Amino acid sequence: MIGGLLGVGGSIGFIPLATIFLAPDKQQLQGAAMVANFVVALTAWRRYRRAGTVDWALARRIVPAALVAVLAGVATSLFVEAPAFRVLFAAFLFAIAAREFVLLARGAPDGNGSERDLRAPLPAVIGTVMGYLSGLLGIGGGVVGIPLMRAWGKLEMKRAVVTSVCTMVPLTAMGAATKAITLARTPLDGGGNALVPALAIAACLVPTAVAGSWLGATINLRITGRAVRWALTTYLPIAAGWMAWPVLQQWLAGPK
């Protein structure tokens with residue numbers, strides 16, 4: 001529902017919860033999350049397309065850089081544990097949420113004709129950051145792209161959401177396919193490979209992810225841009241907390 005409403009994907013919430021209740025390998029969780037992110041993005045895209053709000057004008061300039069970067073991010077995730085990076089990214093989300101809150105509290109209009117000229121190289125920069133973090137952390141690139149499009153491009157909230165959804169369809173497809181290949185080559189101690197349990201988790205996620213994404217996109221179409229901004233401002237600190245807390249908890253506990 002969050003992915004359809006805000007165009008951000010839901011894996012920032014899914015991965016910590018699944019770690020607590022399912023506790024499988026991190027790579028398996030990221031693989032399952034990437035599959036779910038693709039389903040969420042595709043479902044939301046179909047809903048927005050049906051409503052006639054899909055606009056590829058900006059998304060097509062973001063996608064090429066994002067597709068290249070997601071490959072680099074997935075490759076990096078196989079070798080690098082990035083706890084400090086997760087905390088820094090969480091701090092970034094808190095900062096974006098604080099900025100949006102201040103603008104809302106001041107009654108600042110959404111966009112109001114101040115949208116910047118998003119020709120090269122800015123879309124490529126946004127795509128690179130979206131793709132790399134999506135592949136590295138197994139998250140939907142929209143949670144990166146939406147804040148960047150809002151802060152750097154001054155996009156109206158609803159246009160940023162739809163652009164993010166359009167961008168995430170090919171981005172998450174590439175990320176899921178790349179992760180599947182790497183998991184298929186990762187053996188398990190008990191035999192088989194890591195792709196099979198990842199797909200099993202994804203199969204359980206997909207049916208409700210489809211329903212939730214459709215519902216979220218429908219809600220977006222029926223509420224004001226200001227309401228969507230409040231929803232994003234509420235969600236980003238929660239997402240940041242989910243991302244940073246396991247790392248902070250480990251740091252506070254100290255070395256064993």
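Small disclaimer: the values here were computed from a predicted structure and weren't measured.
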Looking only at non-hydrogen atoms, find the nearest pair between [X] and [Y] and report the distance.
{"X": "Trp152", "Y": "Leu122", "result": "CE3-CD1, 3.5 Å"}
{"X": "Val162", "Y": "Val54", "result": "CG1-CA, 3.8 Å"}
{"X": "Pro147", "Y": "Gly142", "result": "CD-O, 3.9 Å"}
{"X": "Leu183", "Y": "Ala198", "result": "CD1-CB, 3.8 Å"}
{"X": "Ser213", "Y": "Val40", "result": "OG-O, 2.7 Å"}
{"X": "Val161", "Y": "Gly7", "result": "CG1-N, 3.9 Å"}

Heavy atoms from other residues, nucleotides or ligands near [atom1] of [X] exceed 12 (cutoff 6.0 Å):
{"X": "Phe94", "atom1": "CZ", "answer": "yes"}
{"X": "Arg99", "atom1": "CZ", "answer": "yes"}
{"X": "Arg50", "atom1": "CZ", "answer": "no"}

Do Val8 and Ile2 pass the side chain to side chain contact (heavy atoms under 4.5 Å, CB included) test, and can you show the C-alpha distance, the side-chain angles, and the key distance before you say yes or no? CA-CA 7 Å; Val8 297; Ile2 292 170; 3.7 Å; yes

If hydrophobic clusters are built from ILVMFWY residues whose side chains come within less than 4.5 Å, do [X] and [Y] share one?
{"X": "Val68", "Y": "Val63", "result": "no"}
{"X": "Trp45", "Y": "Leu221", "result": "yes"}
{"X": "Val102", "Y": "Trp230", "result": "no"}
{"X": "Val206", "Y": "Trp214", "result": "no"}
{"X": "Leu215", "Y": "Leu42", "result": "yes"}

What distance separates [X] [atom1] from [Y] [atom2], expressed to the nearest 0.5 Å?
{"X": "Met34", "Y": "Leu29", "atom1": "CE", "atom2": "CG", "result": "12.0 Å"}
{"X": "Arg49", "Y": "Asp55", "atom1": "CZ", "atom2": "CG", "result": "14.0 Å"}
{"X": "Leu6", "Y": "Tyr235", "atom1": "CG", "atom2": "OH", "result": "8.0 Å"}
{"X": "Phe38", "Y": "Met168", "atom1": "CZ", "atom2": "CE", "result": "11.0 Å"}
{"X": "Thr218", "Y": "Arg222", "atom1": "OG1", "atom2": "CZ", "result": "6.0 Å"}
{"X": "Leu104", "Y": "Arg106", "atom1": "CG", "atom2": "CZ", "result": "11.5 Å"}

Can you tell me if [X] uses its side chain to pair, donor with acceptor, with the backbone of [Y] under 3.5 Å?
{"X": "Thr128", "Y": "Ala69", "answer": "no"}
{"X": "Arg61", "Y": "Ala57", "answer": "yes"}
{"X": "Arg150", "Y": "Leu155", "answer": "yes"}
{"X": "Thr182", "Y": "Lys179", "answer": "yes"}

Close side-chain approach of [X] to [Y], heavy-atom, < 4.5 Å:
{"X": "Leu236", "Y": "Leu232", "answer": "yes"}
{"X": "Tyr132", "Y": "Thr76", "answer": "yes"}
{"X": "Leu205", "Y": "Val35", "answer": "no"}
{"X": "Lys158", "Y": "Thr53", "answer": "no"}
{"X": "Asn193", "Y": "Arg185", "answer": "no"}
{"X": "Leu67", "Y": "Leu71", "answer": "no"}
{"X": "Phe92", "Y": "Leu148", "answer": "yes"}
{"X": "Ile146", "Y": "Met157", "answer": "yes"}

Any chance you could lay out the side chain to side chain contact (heavy atoms under 4.5 Å, CB included) test for Met130 and Val143, step after step, and finish with the verdict? CA-CA 8 Å; Met130 284 180 67; Val143 77; over 6 Å; no

Item to complete: Step by step, work out the side chain to side chain contact (heavy atoms under 4.5 Å, CB included) result for Leu188 and Gln28.
Response: CA-CA 11 Å; Leu188 296 176; Gln28 295 173 24; 3.6 Å; yes

Subject >> Residue that, paired with Arg226, satisfies side chain to side chain contact (heavy atoms under 4.5 Å, CB included) out of Thr224, Val228, Ile223 >> reply: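 The single option meeting the side chain to side chain contact (heavy atoms under 4.5 Å, CB included) with Arg226 is Thr224.
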
